[in-house]
2 protein chains.
Amino acid sequence: MEPLTGRKAEIVAAARDLLEAGGPEALTMRAIADRLGIQAPSLYKHFPDKDALEAALVAAGFVEQAETFAAVTRSRNPLPALARAYRAWATAHPHLYVLMTSRRLDRDSLPEGVEAAAAAPLLKACGGDPNRARAAWAFAHGMASLELANRFPPDADLDAAWRAGVDALQAPPTTPRST
Amino acid sequence: MEPLTGRKAEIVAAARDLLEAGGPEALTMRAIADRLGIQAPSLYKHFPDKDALEAALVAAGFVEQAETFAAVTRSRNPLPALARAYRAWATAHPHLYVLMTSRRLDRDSLPEGVEAAAAAPLLKACGGDPNRARAAWAFAHGMASLELANRFPPDADLDAAWRAGVDALQAPPTTPRST
DNA sequence: TCATAATGGCTTACGTTGTTAGCCACTATG
DNA sequence: CATAGTGGCTAACAACGTAAGCCATTATGA
């Protein structure tokens, strides 16, 4: 998939506005069409169905996320900075974040290489160990997703929990006992 | 909320069967009713709306999950065992797991104390440190949820990633650097 | 014992959703 | 200048959650 242009891009932009402003139930074919001064069925001249439109929305989100993360890689000791950036992005775009992470990934709808690009900063921060990088990714996604879903008790200190996880995951393993 | 009985419990059981067999789009008021030899509007004599029915489904899932986790607490060095149990539960009931974790939590619809009961084994395994326990929970949820959403590349060694995360999270912090 | 209320079905119907079918105007191309 | 593609339109459909209101059965209490 190459980047979107023209009407397709306008549609995705309208969809994104609606999603971020009103959550998933505001993301309606008719609402998207309305916002473009168009009738809902006309959208099907550009996307085969709502799922494909959402996939494009998700792909755009991934690109943006990858750029954001690449920007913080520069710092020495990048893991805490990456964690902060991850959490910040998720809470800045909660509905888009949920959409991006809850749909089963369709790799064909993603621009070539975005997946690797988004993963690269974290992989480098983890010394090239993909297992550690995946664990760190899972931790960050888990924290963000549980926070967005209101899963932590109201008195939880989320900053402290993030710190605890980041500290644990960046330290080299000292006494592995899990076999 | 006290445990369900009678017709309500039958409805929830039917809903659960449908969800686990056919995923979220199979979970329809009409389908649930059909399965009980009933008409859809009759369901509203038992639940005010679909959301409340789903909440009951989720609550039942939490109870079951809590029981499962409590059963593996016995082992010394319980964190790896808990992680395995967590992943096993999620992959055994993928649709229910997603429903349980993706809805914003309504604490009123949960039986008294289930939340604490489900968290207790993990908290104990983390030496009573709630931040570490939350980090471990986030890691486990992140791993499970990314796996279910097909997020890891096909060649990823998920067992190794789980091990990497569990090892890191159970070791006492050696060189915290995240301030 | 019998009126009364609660319980749990039913049918009908409504608004909203994604989506299909088919028509038409404009534009670019041979 | 014929033709094909592009991108709108209207009308309509099936499936969904749900509201309204009717009716049979069962339990209750005077």
Side-chain angles (χ1 to χ4, degrees), chain A residues 1-60 95-96 98-100 102-104 106 109, chain B residues 1-60 95-96 98-100 102-104 106 109:
Chain A
M1 277 269 322
E2 58 285 353
L4 296 186
T5 60
R7 209 75 232 249
K8 253 173 162 150
E10 292 178 334
I11 294 174
V12 169
R16 175 158 177 179
D17 287 349
L18 286 167
L19 176 65
E20 299 208 337
E25 66 261 32
L27 192 60
T28 302
M29 296 303 267
R30 286 176 170 84
I32 299 169
D34 265 21
R35 176 165 270 244
L36 297 168
I38 263 181
Q39 296 294 330
S42 301
L43 295 173
Y44 291 82
K45 300 287 174 157
H46 304 275
F47 293 95
D49 53 22
K50 192 190 184 188
D51 212 68
L53 203 162
E54 285 182 359
L57 195 53
V58 164
H95 298 302
L96 181 54
V98 167
L99 189 72
M100 288 169 59
S102 64
R103 299 165 45 89
R104 280 184 67 84
D106 170 22
S109 71
Chain B
M1 276 266 325
E2 57 286 350
L4 296 186
T5 59
R7 209 74 232 250
K8 253 174 164 150
E10 292 178 335
I11 294 175
V12 170
R16 175 157 178 180
D17 287 349
L18 286 167
L19 176 67
E20 299 208 338
E25 67 260 32
L27 191 60
T28 303
M29 296 303 268
R30 287 175 169 85
I32 299 169
D34 264 22
R35 176 167 270 244
L36 298 167
I38 262 179
Q39 297 294 331
S42 301
L43 294 173
Y44 291 82
K45 300 287 174 160
H46 305 275
F47 294 95
D49 53 23
K50 194 191 183 188
D51 212 69
L53 203 162
E54 285 183 359
L57 195 51
V58 165
H95 297 302
L96 181 55
V98 168
L99 189 72
M100 287 167 59
S102 63
R103 298 165 45 89
R104 281 184 67 85
D106 170 23
S109 71

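Per chain, numbering begins at 1; letters A, B, ... match sequence-line order.
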Item checked: Set of residues satisfying side-chain contact (heavy atoms from CB on, under 4.5 Å) with respect to B:Asp34, sequence neighbours excluded -> none
Item checked: Pair listing, side-chain hydrogen bond (donor to acceptor under 3.5 Å, both in side chains) test, anchored in residues 35-47 of chain A, at least two apart -> A:Asp17-A:Arg35
Checklist line | Inter- and intrachain pairs under side-chain hydrogen bond (donor to acceptor under 3.5 Å, both in side chains), touching residues 19-28 of chain B, at least two apart | finding: B:Arg16-B:Glu20, B:Glu20-B:His93
Check: Does anything in residues 14-24 of chain A reach DNA chain C, meaning a heavy atom under 4.0 Å, and if so which residues?
Finding: none
Next item on the list: Enumerate the residues from residues 33-54 of chain A whose closest heavy atom to DNA chain C is under 4.0 Å, giving them by residue number; use none for an empty result.
Entry: A:Pro41, A:Tyr44, A:Asp49, A:Lys50
Next item on the list: Mind checking salt bridge (charged side-chain N to carboxylate O under 4.0 Å, His left out) for B:Arg30 and listing every partner two or more places apart, or none if nothing turns up?
Entry: none
Check: Please, which pairs that meet salt bridge (charged side-chain N to carboxylate O under 4.0 Å, His left out) have at least one residue in residues 46-55 of chain B, sequence neighbours excluded?
Finding: B:Lys50-B:Glu54, B:Asp51-B:Arg103, B:Glu54-B:Arg103
Any idea which heavy atoms bring [X] and [Y] closest together, and the distance?
| X | Y | result |
| --- | --- | --- |
| A:Leu27 | A:Ala15 | CD1-O, 3.3 Å |
| B:Val12 | B:Leu57 | O-CD1, 3.6 Å |
| B:Ser109 | B:Ala59 | O-CB, 3.5 Å |

Check: Measuring from A:Phe47:CZ to A:Met29:CE, what's the distance to the nearest 0.5 Å?
Finding: 9.0 Å
Note to self: Heavy atoms only, 4.0 Å cut-off, all strands: where does A:Arg7 land among base, sugar-phosphate and nothing?
What the structure shows: sugar-phosphate
Notebook entry, point to check: From the 5' end of DNA chain C to its 3' end, which nucleotides mark the outer limits of contact with chain A, defined by a 4.0 Å heavy-atom distance cut-off (strictly under)?
Noted result: C:dT17 to C:dA21
Notebook entry, point to check: How far does the helix from C:dT1-D:dA30 to C:dG30-D:dC1 bend, going by the axes of its first and last five pairs, to the nearest 10°?
Noted result: 0°
Notebook entry, point to check: With a 4.5 Å limit on heavy-atom distance, are the side chains of B:Ile32 and B:Leu53 in contact?
Noted result: yes
Next item on the list: Could you tell me the separation between the CD1 atom of B:Ile32 and the P atom of D:dC16, rounded to a whole number of Å?
Entry: 11 Å
